[in-house]
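Structure first, then comments.
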Amino acid sequence: MAQAVATSSSHPQTSTVTLAQWLYIWVMQALGSAVLGGGINFAIATGMYRHNRHLVWLWKVNHNTLAGDAAVTIFVQTIITWLLDSAMVCNDVRTRAYSIRPISTSPKALNIKFLNWYISAEGMELLEPHITLKARLKCFVIGIIKAFLLCILVFFIWWPITVAILVGVGHSIGAGQYQYNHWPEPQIFKLILGFTLGLLVTPVVVLLALAAKGRQYADSVAAPNSQHVCLTKEAETLTTVV
């Protein structure tokens, strides 16, 4: 961890998101994540539905439910995106890859403990070298917890939209139930869902990681200054006493 702070100190923060950072967020991270997420989900849907003997439904949980599939996909992809992208961003900042710099942030000014914890490097530095297995496992667990909290937000925003789209393209059979062909509707749906999730979630994770590294840099700079102030005050006190 000491190595991460030392390396970060050579990366001055940016007070706003620069053009280079926007390109890094959207081209290097979000677009790649979207393409990968869409392709993987398309392949999974092909294996799950194309030759399945059960009908594909919107709501029937005991068979093939696209609404349930969408809910699981949102949670799984968001957690994986958090773990992988946050680790890669922190590693890129540490190694100076693409000349990416952290973003200046001061959540402590808000005096909200949750934000102080959430916008921190905890749970983001899985690729940090020279840390123990116990520390890496702790980072993994904290990362899953933070990712799950983001999942809840994404779910309440994105899942109703996906269900509304499925209702619009499904074949109504009454009683609020809809049916779909085994090919290609489920595959196209999962392709679009995976792609849009990548575009929606990845920029949020990358921005949080850049902000977290910015906090880490600010703390590493503030700590020596604070120690210097304390030593100065102690010296003044001793001088006054003498």
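Start at 1 with the first residue, then count along the sequence.
When every heavy atom of P186 is checked against every heavy atom of L66, the shortest pair comes out as CB-CD2, 4.1 Å. Of all heavy-atom pairs spanning A70 and T162, the tightest one is CB-OG1, 4.0 Å.
Of the possible polar contacts, none joining the W82 side chain to the L150 backbone as a donor-acceptor pair under 3.5 Å is found. Counting only distance, with no hydrogens or angles, the side chain of Q187 and the backbone of H182 share a donor-acceptor pair below 3.5 Å. H54 places no side-chain N or O within donor-acceptor distance of the main-chain N or O of Y49, the cut-off being under 3.5 Å. In this structure a side-chain-to-backbone donor-acceptor pair under 3.5 Å is missing from Q21 to I100. At least one donor-acceptor pair closer than 3.5 Å links the side chain of Y118 to the backbone N or O of K146. Looking at S33, its side chain never comes within 3.5 Å of a backbone N or O of Q29 through a donor-acceptor pair.
With E125 as the fixed residue, the salt bridge (Lys or Arg N to Asp or Glu O under 4.0 Å) test singles out one of K213, R94, R136: K213. Considering I74, I79, V72, T78 as possible partners of V76, the one that fulfils the side chain to side chain contact (heavy atoms under 4.5 Å, CB included) test is V72. When each of I188, N41, L166, T73 is tested with L193 by the rule side chain to side chain contact (heavy atoms under 4.5 Å, CB included), just one qualifies, namely T73. Tested against F75, the residues W159, F148, F156, W158 include a single ring pair (Phe, Tyr, Trp, His ring centres under 6.0 Å) partner, F148.
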Chi angles and distances behind the side chain to side chain contact (heavy atoms under 4.5 Å, CB included) call for H171, N181
CA-CA 9 Å; H171 310 289; N181 296 321; 4.0 Å; yes

Checking Q216 against M124 for the side chain to side chain contact (heavy atoms under 4.5 Å, CB included) test, could you report, in this order, the C-alpha distance in whole Å, the side-chain angles of both residues, the deciding distance, and whether it holds?
CA-CA 12 Å; Q216 191 179 67; M124 293 185 175; over 6 Å; no

Hey, mind stepping through K190 and D69 against side chain to side chain contact (heavy atoms under 4.5 Å, CB included) and telling me if it holds?
CA-CA 9 Å; K190 288 294 294 288; D69 191 349; 3.1 Å; yes

Under the side chain to side chain contact (heavy atoms under 4.5 Å, CB included) rule, what do Y98 and L23 come out as? Steps first, then yes or no, please.
CA-CA 10 Å; Y98 315 109; L23 290 174; over 6 Å; no

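Tracing side-chain contacts under 4.5 Å through hydrophobic residues (I, L, V, M, F, W, Y), one never reaches Y180 starting from I173; they form parts of separate clusters. A chain of hydrophobic side-chain contacts below 4.5 Å, direct or via other Ile, Leu, Val, Met, Phe, Trp or Tyr residues, connects L207 to V89. By the criterion of side-chain heavy atoms lying less than 4.5 angstrom apart, applied directly or through intervening Ile, Leu, Val, Met, Phe, Trp or Tyr residues, L84 is not grouped with L208; the two fall into different hydrophobic clusters. W57 and V169 fall into different hydrophobic clusters, where Ile, Leu, Val, Met, Phe, Trp and Tyr residues are linked whenever their side-chain heavy atoms come under 4.5 Å apart, directly or through other members.
Note: W22 CH2 to T16 OG1 = 10.0 Å, rounded to the nearest 0.5 Å. Here Y24 contributes atom OH and L19 contributes atom CG; the two are 15.5 Å apart, rounded to the nearest 0.5 Å. Here OG of S120 is found 10.5 Å from CG of L115. Values are rounded to the nearest 0.5 Å. Note: T65 OG1 to Q177 CD = 8.0 Å, rounded to the nearest 0.5 Å. Here the CG-CG distance, from N64 to L55, works out to 8.5 Å after rounding to the nearest 0.5 Å.
Ring-plane geometry between W117 and F114 is classed as tilted, the angle between the planes lying from 30 to 60 degrees on a 0 to 90 degree scale. Between W183 and F42, the angle of the ring planes goes over 60°, which puts this pair in the perpendicular group of the 30/60° scheme.
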